[in-house]
Amino acid sequence: MTAPQESSPAAPEEARRADFIRERVRADREAGKHGGAVLTRFPPEPNGYLHIGHAKSICLNFGLAREVGGRCNLRFDDTNPSTEDEEYVHSIQADVRWLGFEWDALYYASDYFAQLYAWAEELVTKGQAYVCDLGGEELREGRGAGKNSPYRERGAAENLELLRRMRAGEFADGARTLRAKIDMAAPNMNLRDPVMYRILRAPHHRTGNTWCLYPTYDWAHGESDALEGITHSICTLEFENHRPLYEWFLRAIGVAQQPQQIEFARLNLTYTVLSKRKLLRLVKEGRVSGWDDPRMPTLSGLRRRGYTPEALRLFCERIGVAKFNSTVDMVQLENALRDDLNKRAPRVMVVLNPLRVVIENYPAGEVEWLEAVNNPEDPAAGTRKVPFGRELFIEREDFRSEAPKNYWRLKPGQEVRLRYGYYVTCTGFELDAATGEPVLVRVRYDPATRGGDSPDKRKVKGTLHWVSAAHALEADVRLCEHLFRTAHPEDVPAGVDFLDNLNPDSLRVLTGCKLEPSLATATAEQRYQFERHGYFCLDARDSRPEHLLFQRAVALRDTWAKLEHKEGAPK
RNA sequence: UACCCCGUGGUGUAAUCGGUAACACGUCUGACUCUGACUCAGACAUCCCAGGUUCGAGUCCUGGCGGGGUAACCA
């Protein structure tokens with residue numbers, strides 16, 4: 001395992017609480033199982049983009065291996081060419097690396113097709129598998145009813161011949177299957193003579209047309225684990241019922257040391273969906289702009305949104321691993337990002353909804369470059385100079401012609417601080433004749449408060465960010481809200497589509513936002529804190545030097561908005 | 001319906017051989033503050049229910065109740 005190079009906000013493995021899987025691995029090592037070795041694997045099927053739920057599995061598999069000096073492989077579970085594509089193979093590798101992990105070996109289940117087939121012939125010879133002529137419907141019904149297939153007692157020689165003819169392409173797709181001969185009366189459905197091979201003529205992204213026979217998940221997965229020497233095969237809960245079959249196959253092929261399958265609960269998150277099928281629908285039906293739409297819970301979407309690998313890893317560490325089906329609150333994810341970025345994102349002043357301010361007693365044409373702290377949480381980040389002048393922009397939200405007394409911002413007669421600038425007092429304002437909205441605010445400044453401190457130590461409650469009108473850069477800013485309007489979008493009555501729960505206001509783009517000039521050198525990799533707003537980054541795909549587009553990753557906590565919302569709420 | 005798994009504060013997790021509920025986030029209070037941010041302090045749990053074993057049970061046993069998964073030639 002190679003450790004990620006960058007610093008982790010997650011205080012590297014300090015007294016991490018052991019989950020039941022780590023507990024189990026620890027016990028296995030103490031018992032000397034597998035000679036104390038630990039080899040895990042992350043086994044995605046290349047049929048979609050990775051999402052935050054996969055991050056949980058990646059952090060578990062790679063993280064666990066790293067903690068105990070073990071190894072972890074990346075293995076593509078490419079046994080169903082009809083849904084898989086190379087595009088996904090590339091994106092998955094990029095996403096795993098971006099998250100901060102490097103695999104010890106890269107494999108494909110298709111690497112093992114020949115070996116798997118050889119084993120299948122062995123099982124046939126030993127009478128542990130047979131060729132079944134039942135069609136899909138009959139087969140399913142037979143398994144449900146626990147009824148033996150009429151082909152179950154076919155002789156080994158005939159089975160072997162038929163299997164070879166299947167492989168040679170003599171039969172139509174779906175005409176026959178190879179089935180394990182286990183127990184049609186087993187209470188566990190998976191043991192009722194499960195299918196090992198189906199005939200499927202689909203070009204495979206790696207093996208091309210060399211096979212018209214593809215192994216099922218059950219017949220490929222444990223065997224792949226065994227071939228790689230996996231010690232702990234960690235998967236999600238829905239495979240729990242498959243474990244007896246996993247173990248049966250391993251015994252049948254006679255591996256010396258069995259990998260141990262362990263299941264954990266997959267991640268559920270509020271206000272989004274985390275199933276590949278549903279995410280694929282969002283993309284295919286054009287409800288989002290693509291897999292990397294910043295509202296998507298995909299790793300590529302989160303990356304574009306402004307999430308950092310550190311934040312995602314911190315999130316995965318915080319949510320833990322268990323067998324209980326649970327739903328994690330989205331704020332947990334957002335908070336992991338805030339915690340990460342608060343410590344390292346440079347601060348910058350940006351006015352999203354500009355309102356013009358004129359300082360009546362400030363000399364026209366004068367410009368002062370005032371010193372601003374880049375990151376109060378990190379003195380090493382230093383300072384920068386921001387230009388100040390007679391005309392500024394402030395946030396529309398920061399002025400009210402009429403306001404309650406707990407409104408600390410600018411209102412007639414009230415003094416506030418312009419961050420790193422001066423104290424100013426509102427002396428007047430102008431309204432738009434048509435809309436009644438303020439279009440200009442007049443203030444007077446106190447020259448003695450340069451830099452934002454008053455010599456007489458008088459206090460002002462409010463501090464506003466601002467941008468000099470003469471120096472402002474312009475940009476568009478994209479603000480995203482939850483993709484779905486309900487916490488559990490999949491909870492819909494029968495007949496109702498979960499897409500009905502999409503949030504129609506999940507995407508908003510502000511134009512004409514005013515930025516301090518230092519942002520001229522912004523890069524897509526850099527995350528900024530727009531003071532009093534949140535964390536933002538340049539959109540890696542749509543921003544242009546001549547037309548900047550910033551993306552908000554997450555807003556700052558907003559106690560004032562919460563307070564006001566509460567007071568304004570109807571009684 | 002059958003089989004399997006699970007059930008600890010609002011949420012997500014923890015509690016080595018049974019010893020008297022911990023951590024994170026959230027929420028509410030308050031303090032601090034040149035970001036109504038950050039930070040800091042305090043508050044918030046009848047451990048699903050009912051019996052049983054025990055000096056003592058979230059932990060063990062029995063029976064309920066509740067939730068989830070599976071019942072593809074998907075993974």
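Proteins come first, then strands; the chains are lettered A, B, ... in the order of their sequence lines, and each starts at number 1. These values consider heavy atoms only, across backbone and side chains, with no hydrogens, waters or symmetry-generated copies.
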Just the atom pairs and distances: protein N or O near nucleotides 27-31 of chain B's N or O, under 3.5 Å.
residue, atom, partner, partner atom, Å
B:U27, OP1, A:Lys562, NZ, 2.6

Residues within residues 326-333 of chain A bordering RNA chain B, heavy-atom distance below 4.0 Å: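 Of all residues in residues 326-333 of chain A, the ones placing a heavy atom under 4.0 Å from RNA chain B are A:Ser326, A:Thr327, A:Val328, A:Asp329, A:Gln332.
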
Residues touching RNA chain B, which here means a heavy atom under 4.0 Å, drawn from residues 164-187 of chain A: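 By residue number: A:Gly174, A:Thr177, A:Pro187.
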
When we call it a touch if two heavy atoms are under 4.0 Å apart, what does [X] touch: a base, just sugar-phosphate, or nothing?
X        : result
A:Tyr423 : nothing
A:Pro376 : base
A:Val321 : sugar-phosphate
A:Phe239 : base
A:Tyr197 : nothing
A:Thr236 : nothing
A:Tyr217 : base
A:Gly136 : base
A:Gly421 : nothing
A:Asn47  : nothing
A:Glu263 : nothing

Spacing of [X] atom [atom1] relative to [N] atom [atom2], expressed in whole Å:
X        : N     : atom1 : atom2 : value
A:Asp453 : B:U33 : CG    : P     : 12 Å
A:Gln261 : B:C5  : CD    : P     : 13 Å
A:Asp78  : B:A75 : CG    : C1'   : 12 Å
A:Asn335 : B:U11 : CG    : C1'   : 12 Å
A:Phe20  : B:U16 : CZ    : P     : 16 Å
A:Leu337 : B:A24 : CG    : P     : 20 Å

[X] side, atom [atom1]; [Y] side, atom [atom2] - distance, nearest 0.5 Å:
X        : Y        : atom1 : atom2 : value
A:Tyr112 : A:Arg75  : OH    : CZ    : 6.0 Å
A:Tyr528 : A:Phe550 : OH    : CZ    : 6.5 Å
A:Asn241 : A:Glu238 : CG    : CD    : 10.5 Å
A:Asn268 : A:Arg266 : CG    : CZ    : 7.5 Å
A:Tyr214 : A:Leu200 : OH    : CG    : 6.5 Å
A:Ser149 : A:Met184 : OG    : CE    : 7.5 Å

So, is the end of the [X] side chain (NZ or CZ) under 6.0 Å from the ring centre of [Y] and within 45° of the ring's axis?
X        : Y        : result
A:Lys385 : A:Trp369 : no
A:Arg206 : A:Tyr108 : yes
A:Arg154 : A:Tyr130 : no

5'-to-3' dot-bracket of RNA chain B (Watson-Crick, G-U; under 3.5 angstrom; crossing pairs as [ ]; | other strand): (((((((..((((.....[..)))).(((((.......)))))....(((((..]....))))))))))))....

Looking at [X], I'd like to know whether one of its side-chain N or O atoms comes within less than 4.0 Å of OP1 or OP2 on [N].
X        : N     : answer
A:Ser82  : B:C74 : no
A:Arg143 : B:A72 : no
A:Asn241 : B:A71 : no
A:Arg198 : B:A75 : yes
A:Arg318 : B:G12 : no

Could you measure between the two [atom1] atoms, the one in [N] and the one in [M], and give it in whole Å?
N     : M     : atom1 : value
B:G66 : B:C48 : P     : 16 Å
B:C25 : B:G42 : P     : 14 Å
B:A21 : B:A45 : P     : 13 Å
B:G12 : B:U27 : C1'   : 15 Å
B:C49 : B:A15 : C1'   : 22 Å
B:G10 : B:C5  : C1'   : 25 Å
B:C65 : B:C28 : C1'   : 33 Å
B:C74 : B:G69 : C1'   : 16 Å

Side-chain heavy-atom pair A:Leu269, A:Phe315 within 4.5 angstrom cut-off: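 In short, these two side chains touch, coming nearer than 4.5 Å.
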
Close side-chain approach of A:Arg179 and A:Leu134, heavy atoms under 4.5 Å: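 Yes, close enough: below the 4.5 Å cut-off.
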
Will you find, in the side chains of [X] and [Y], an N or O donor that is under 3.5 Å from an N or O acceptor?
X        : Y        : answer
A:Arg417 : A:Tyr423 : yes
A:Asp77  : A:His221 : yes
A:Glu334 : A:Tyr535 : no

Could you pull out all donor-acceptor pairs under 3.5 Å where a side-chain atom in residues 486-494 of chain A meets a protein atom, sequence neighbours excluded?
residue, atom, partner, partner atom, Å
A:Glu490, OE2, A:Lys278, NZ, 3.2

Base versus backbone protein contacts along nucleotides 42-48 of chain B [heavy-atom cut-off under 4.0 Å; B, S, -]: -------

Output field: ring centroids [X]/[Y] closer than 6.0 Å:
X        : Y        : result
A:Phe264 : A:Phe20  : no
A:His204 : A:Phe113 : yes
A:Tyr217 : A:Phe239 : yes

Conformer about C1'-N of B:A72 - syn within 90° of 0, anti elsewhere: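 Syn conformation for B:A72.
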
Residues, nucleotides or ligands: over 12 heavy atoms within 6.0 Å of A:Glu170 CD: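 Yes, the 6.0 Å shell around CD holds more than 12 heavy atoms from other groups.
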
A:Phe536 and A:His533 aromatic ring geometry - parallel, tilted or perpendicular at 30°/60° bounds: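 A:His533 vs A:Phe536 ring planes: perpendicular.
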
Check: A:Glu240 side chain, B:U70 base, donor-acceptor under 3.5 Å: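 No.
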
Pairwise 5' ranking along RNA chain B for A:Pro215 and A:Glu23, keeping only the more 5' one: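 Final value for this comparison: A:Glu23.
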
Comparing A:His242 and A:Ile319 on RNA chain B - which has the more 5′ nearest nucleotide: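 Result: A:Ile319.
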
